[in-house]
Amino acid sequence: MEGRTHYAAAVTEELIGQTVTVAGWVHRRRDHGGLIFIDLRDRTGLVQIVAEPVHAENFAELDRVRAEFVVAITGMVRARPTGMENPELASGRIEIEPLRVTILSEAKTPPFMPAEAENVDEMLRLKYRYIDLRRPSLLGNFMLRDKVLMAVRSFFHAHGFLDVETPSLARSTPEGARDFLVPSRLAPGEFYALPQSPQIFKQLLMVAGFDRYYQIAKVFRDEDLRADRQPEFTQIDVEMSFMSQSEILDMMEAMLRQVFYESLGVEVAPFERMTWQQAMEGYGSDKPDLRAGEPLMDLTSAVRAHIAWPVLQAAPFAGGAVMRHYQPTRKQLDGWVEFAKGQGASGLIWIVKSGEGLRTSAGKWLDEQALQHLAAAARLGTDDTLMIVAGEKFPSLAVLGQMRLEFARQEKRIEDGWRFLWVTEFPLFEWSEEEQRLVSAHHPFTMPHPEDIDLIATDPLRVRSQAYDVVLNGTELASGSLRIYQPELQAKIFAALGLDPEETEEKFGFLIHAFQYGAPPHGGIAFGLDRLVMLMAGARSLREVIAFPKTAKGVDPLMNAPSPVSTSQLDEVGIQIKK
RNA sequence: GGAGGCGUGGUGUAGUCGGCCUAACACGCAUGCCUGUCACGCAUGAGAUCACGGGUUCGAAUCCCGUCGCCUCCGCCA
């Protein structure tokens with residue numbers, strides 16, 4: 001072929017009268033018998049080719065062309081006749097009259113058309129991902145992803161961060177997600193683990209004095225998948241030395257704001273901040289969606305004062321969610337009761353305030369005056385509905401938080417915009433029912449809150465940490481913390497987690513030893529790049545922003561992975577398959 | 001591990017409380033016609049073991065049982 005001179009979208013009015021060569025795929029073909037229009041598609045867009053029978057040879061070639069053939073066209077750029085312009089296209093005011101047509105590749109009729117924006121079965125899309133990715137909307141996601149990455153890299157480079165690669169063949173560590181294992185041929189019976197994050201490596205880089213590190217790192221977690229979870233995904237991994245928590249938050253907030261500005265042209269407002277305690281009490285979630293209406297309220301004392309029901313009198317907590325300007329039907333109210341029960345509540349009390357007065361599902365336990373007082377305590381306006389859930393504090397709040405979100409979704413009350421939020425002071429430990437022991441809420445290297453050090457031994461579940469999350473519109477985007485850099489404190493944490501010293505020496509010894517050779521105070525964070533791009537692209541699933549994703553069962557339908565391997569391969573690594 | 005939804009020509013759907021189904025519609029595909037379309041139009045045509053296996057029945061896309069696959073959610077994901 002002749003060398004391409006222009007992308008499709010670059011063929012504009014300025015080129016009228018010139019000869020250009022464009023190349024790409026046949027997007028659509030409109031055959032009028034004596035006149036054939038071809039929409040030629042490349043990465044930038046479409047350009048219209050018009051073939052007329054006067055050029056018999058070219059006309060015959062374009063008559064033969066079908067959808068998704070790959071062609072190169074050398075031709076004359078000319079203005080479209082008046083009234084025939086297409087304002088939808090960058091190249092819509094011109095068309096190309098072909099002088100030379102080269103069919104570079106023929107194409108079988110594709111299983112689905114990139115030109116049609118219909119909902120194709122996702123399995124089929126993944127099997128023919130190379131065709132799926134031709135769809136302009138999907139391509140757009142990857143162009144956005146590229147912009148985001150460019151903005152990320154330029155920010156970190158400009159602020160003195162070093163991009164350092166860390167190993168993918170690492171060691172399996174206790175705590176956290178299930179590891180993907182890689183058998184070792186040189187050490188039969190032993191395994192590498194693919195990293196769940198470069199956590200320990202980046203801390204070692206801080207001990208090494210690299211001061212500021214970042215990496216666009218692939219990480220791996222062998223857990224069940226969701227729309228926003230893939231077994232392998234990409235983190236923007238960051239670590240810094242000699243920085244306070246607030247300096248780290250400011251730096252990362254600046255990074256995200258720059259990314260939004262450079263890739264979407266959006267000026268994001270300064271992030272809101274709240275503690276984990278405030279998030280849980282106000283929204284029943286550690287990742288509140290601030291777009292979904294007002295916070296929950298604590299009605300414990302009001303409920304005790306006004307509702308005589310013994311069950312509620314005995315409940316340690318009662319909380320309320322107000323649904324503004326909402327007059328549900330009886331059926332809808334029953335639906336909310338079911339919803340609350342489905343979320344684990346033992347029951348739900350509703351109060352509806354209309355022009356005719358107050359109605360409640362708890363009428364048996366309070367008189368009109370008490371009802372008035374209770375509605376006032378909840379600042380209930382006319383046309384508002386109040387939902388009350390009572391019981392253990394955090395579980396009740398979680399139910400109310402789910403109701404708040406579900407209400408906003410159902411009634412389309414979720415506001416537009418980018419509501420960023422820092423959630424800070426996460427608890428250091430959680431109780432694992434399954435293992436019947438304390439586990440780290442974030443990871444075992446997280447620095448406790450300085451005021452709570454003494455509680456580690458006495459009341460560990462009340463210990464706050466210096467850990468923080470970035471939440472965007474109700475999605476957890478990033479998670480980080482200041483790290484422990486004193487071996488003695490680290491030992492205390494391991495002890496609280498019930499890890500015996502021998503075990504910690506074997507599994508984390510290298511990190512403890514490193515800290516004995518001069519460790520700087522340090523901290524960091526890791527962002528889910530795929531989630532960030534998904535939200536920015538307005539996509540419903542991570543699969544829309546990952547070129548070759550896996551299905552919910554972890555299968556890649558394109559390569560057919562995972563797959564069995566030969567016995568000789570297994571022999572080499574000393575593995576026998578259990579029947 | 002649990003719950004729910006879905007599976008019908010190449011694609012998207014209708015049909016799913018048993019018989020009017022010899023499976024419908026749109027897109028796509030093929031052939032023919034068409035010189036200004038841009039989701040071109042018109043005509044004709046080809047194309048389906050109704051996911052798979054078993055069962056009930058005179059009769060099953062439709063009912064029952066099982067299996068598989070996809071999607072969503074819970075558990076899980078430091």
Side-chain angles (χ1 to χ4, degrees), chain A residues 27-41 46-54 59 66-68 78 80-89 91-93 95 97 108-128 131-132 173-179 195-197 199-200 219-231 233 342-344 398 402 406 426-430 432-435 438-446 465 467 469 476 479-481 493 497 499 508 526 528 540-541 543 550-555 557:
Chain A
H27 192 64
R28 272 203 185 86
R29 178 172 164 276
R30 293 178 292 279
D31 183 353
H32 289 238
L35 192 63
I36 299 172
F37 297 95
I38 303 281
D39 289 338
L40 187 80
R41 183 191 70 239
L46 302 177
V47 64
Q48 175 165 282
I49 317 294
V50 186
E52 296 172 66
V54 281
F59 191 82
R66 290 295 179 270
E68 301 304 311
R78 68 185 191 203
R80 295 195 183 191
T82 314
M84 302 302 164
E85 299 90 354
N86 184 346
E88 308 272 305
L89 302 182
S91 64
R93 301 177 71 82
E95 58 195 14
E97 177 188 357
K108 289 165 69 172
T109 302
F112 55 92
M113 293 292 174
E116 311 291 331
E118 61 194 24
N119 307 332
V120 179
D121 175 68
E122 219 171 325
M123 192 67 177
L124 196 70
R125 288 178 54 197
L126 294 183
K127 187 172 172 190
Y128 295 96
I131 295 172
D132 193 34
T173 53
E175 308 279 308
R178 197 174 291 117
D179 287 319
Q196 299 171 28
S197 89
Q199 184 60 38
I200 290 172
V219 300
F220 307 85
R221 295 176 187 178
D222 188 6
E223 297 290 346
D224 286 0
L225 310 181
R226 289 282 194 286
D228 63 352
R229 279 164 25 191
Q230 283 275 309
F233 60 101
Q343 295 290 329
Q402 287 298 326
E406 183 60 24
F426 275 74
L428 190 65
F429 301 112
E430 290 167 356
S432 167
E433 282 298 327
E434 194 183 332
E435 299 177 59
L438 285 183
V439 295
S440 294
H442 184 53
H443 58 54
F445 320 115
T446 305
S465 68
D469 276 7
E476 181 192 320
S479 205
S481 64
I493 300 294
L497 289 170
L499 304 175
F508 296 116
R540 290 190 342 277
S541 148
R543 295 184 297 274
K550 311 264 190 298
T551 68
K553 280 279 183 319
V555 169

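In what follows, chains carry the letters A, B, and so on, assigned in the order in which the sequence lines appear, proteins first and then strands, with residues in each chain numbered from 1. Computed over heavy atoms, backbone and side chain alike; hydrogens, waters and symmetry mates excluded.
- Here Arg543(A) lies in heavy-atom contact (under 4.0 Å) with sugar-phosphate atoms only.
- Pairing of C17(B), defined by two Watson-Crick or G-U wobble distances under 3.5 Å, is not identified with any nucleotide.
- Residues Asp121(A) and Phe112(A) fail the side-chain proximity criterion, which asks for heavy atoms closer than 4.5 Å.
- Between the CD atom of Gln402(A) and the P atom of C74(B) there is a distance of 8 Å, given to the nearest Å.
- Atom name P, nucleotides G5(B) and C63(B): the rounded distance is 13 Å, in whole Å.
- Among the nucleotides C76(B), G12(B), U35(B), the one closest to the side chain of Glu52(A) is U35(B).
- When Watson-Crick and G-U wobble pairs are counted only if both distances are under 3.5 Å, U44(B) pairs with A30(B).
- Of the candidate nucleotides C77(B), U72(B), C38(B), C38(B) has the atom lying nearest to any side-chain atom of Met84(A).
- Summarising the base pairing, G59(B) is matched to no nucleotide, lacking a Watson-Crick or G-U wobble pair whose two defining distances lie under 3.5 Å.
- Nucleotides C17(B) and G53(B), compared at atom C1', are 25 Å apart to the nearest Å.
- For Met123(A), the listed nucleotide lying nearest its side chain is C70(B); candidates were G28(B), C77(B), C70(B).
- Between the OH atom of Tyr128(A) and the P atom of C70(B) there is a distance of 16 Å, given to the nearest Å.
- A 4.5 Å side-chain heavy-atom check between Gln48(A) and Arg30(A) finds at least one atom pair inside the cut-off.
- Both geometric conditions, a ring-centre gap below 5.5 Å and a plane tilt below 30°, are fulfilled for His32(A) over the base of C40(B).
- Between His443(A) and Arg226(A), the one whose closest nucleotide on RNA chain B sits nearer the 5' end is Arg226(A).
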**Asked** Arg540(A) and Glu122(A): salt bridge (Lys or Arg N to Asp or Glu O under 4.0 Å), yes or no, with the steps?
**Response** CA-CA 13 Å; Arg540(A) 290 190 342 277; Glu122(A) 219 171 325; 5.8 Å; no
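- When the C1' atom is compared between A61(B) and G18(B), the two are found 11 Å apart, to the nearest whole Å.
- Atom OG1 in Thr173(A) sits 5.5 Å away from atom CD in Gln196(A) (nearest 0.5 Å).
- Remark: the separation of the P atoms in U57(B) and G15(B) is 29 Å, to the nearest Å.
- C70(B) is paired with G5(B) under the criterion used here, namely a Watson-Crick or G-U wobble arrangement in which both key atom distances are under 3.5 Å.
- The base of C38(B) does not come close enough to the side chain of Arg29(A) for any donor and acceptor atom to sit less than 3.5 Å apart.
- The distance between atom CG of Leu124(A) and atom P of G69(B), rounded to the nearest whole Å, is 17 Å.
- Spacing between C77(B) and G4(B) at atom P, rounded to whole Å, works out to 24 Å.
- On the C1' atoms, G41(B) is 13 Å away from G36(B), given to the nearest whole Å.
- Contact annotation: Arg66(A) side-chain N/O to A30(B) OP1/OP2 distance is under 4.0 Å.
- Arg543(A) is listed as a side-chain neighbour of Gln230(A), based on a closest heavy-atom distance under 4.5 Å.
- Of all nucleotides listed (C70(B), U11(B), U35(B)), C70(B) comes nearest to the side chain of Val555(A).
- To the nearest whole angstrom, the two C1' atoms, one in U13(B) and one in A30(B), are 23 Å apart.
- Considering all non-hydrogen atoms of both residues, Leu126(A) and Thr551(A) come closest at CD1-CG2, 3.9 Å.
- Distance CD (Glu116(A)) to P (G10(B)): 18 Å, rounded to an integer number of Å.
- Checked by distance alone, Asp224(A) brings a side-chain donor or acceptor within 3.5 Å of a matching partner on the base of G75(B).
- For the P atom pair drawn from G9(B) and C25(B), the interatomic distance equals 16 Å after rounding to whole Å.
- Look at Phe112(A) and the base of U11(B); the rings do not stack under the cut-offs of 5.5 Å between centres and 30° between planes.
- Using a 4.0 Å cut-off between charged side-chain N and carboxylate O, Asp39(A) and Arg28(A) make no salt bridge.
- One can place CG of Leu40(A) at 14 Å from C1' of C38(B), the figure rounded to the nearest angstrom.
- Rounded to whole Å, the distance from CZ on Arg78(A) to C1' on U37(B) is 13 Å.
- Residue Gln402(A) comes nearest to Gln343(A) through the heavy atom pair CG-OE1, 3.3 Å, listed as atom of the first residue, atom of the second, then distance.
- Atom CG of Leu225(A) is separated from atom C1' of C71(B) by 12 Å (rounded to the nearest Å).
- If you take CG of Asp179(A) and C1' of C76(B), they are 15 Å apart, rounded to a whole angstrom.
- The side chain of Arg30(A) places no N or O atom within less than 4.0 Å of a non-bridging phosphate oxygen (OP1 or OP2) of U37(B).
- Residue Pro110(A) is the one, among Gln48(A) and Pro110(A), whose nearest nucleotide of RNA chain B lies closer to the 5' end (criterion: closest heavy atom).
- Of the side-chain N and O atoms in Thr109(A), none sit less than 4.0 angstrom from OP1 or OP2 of G28(B).
- Using a 4.0 Å heavy-atom criterion, one finds that Pro81(A) contacts the bases of the nucleic acid, with or without backbone contacts as well.
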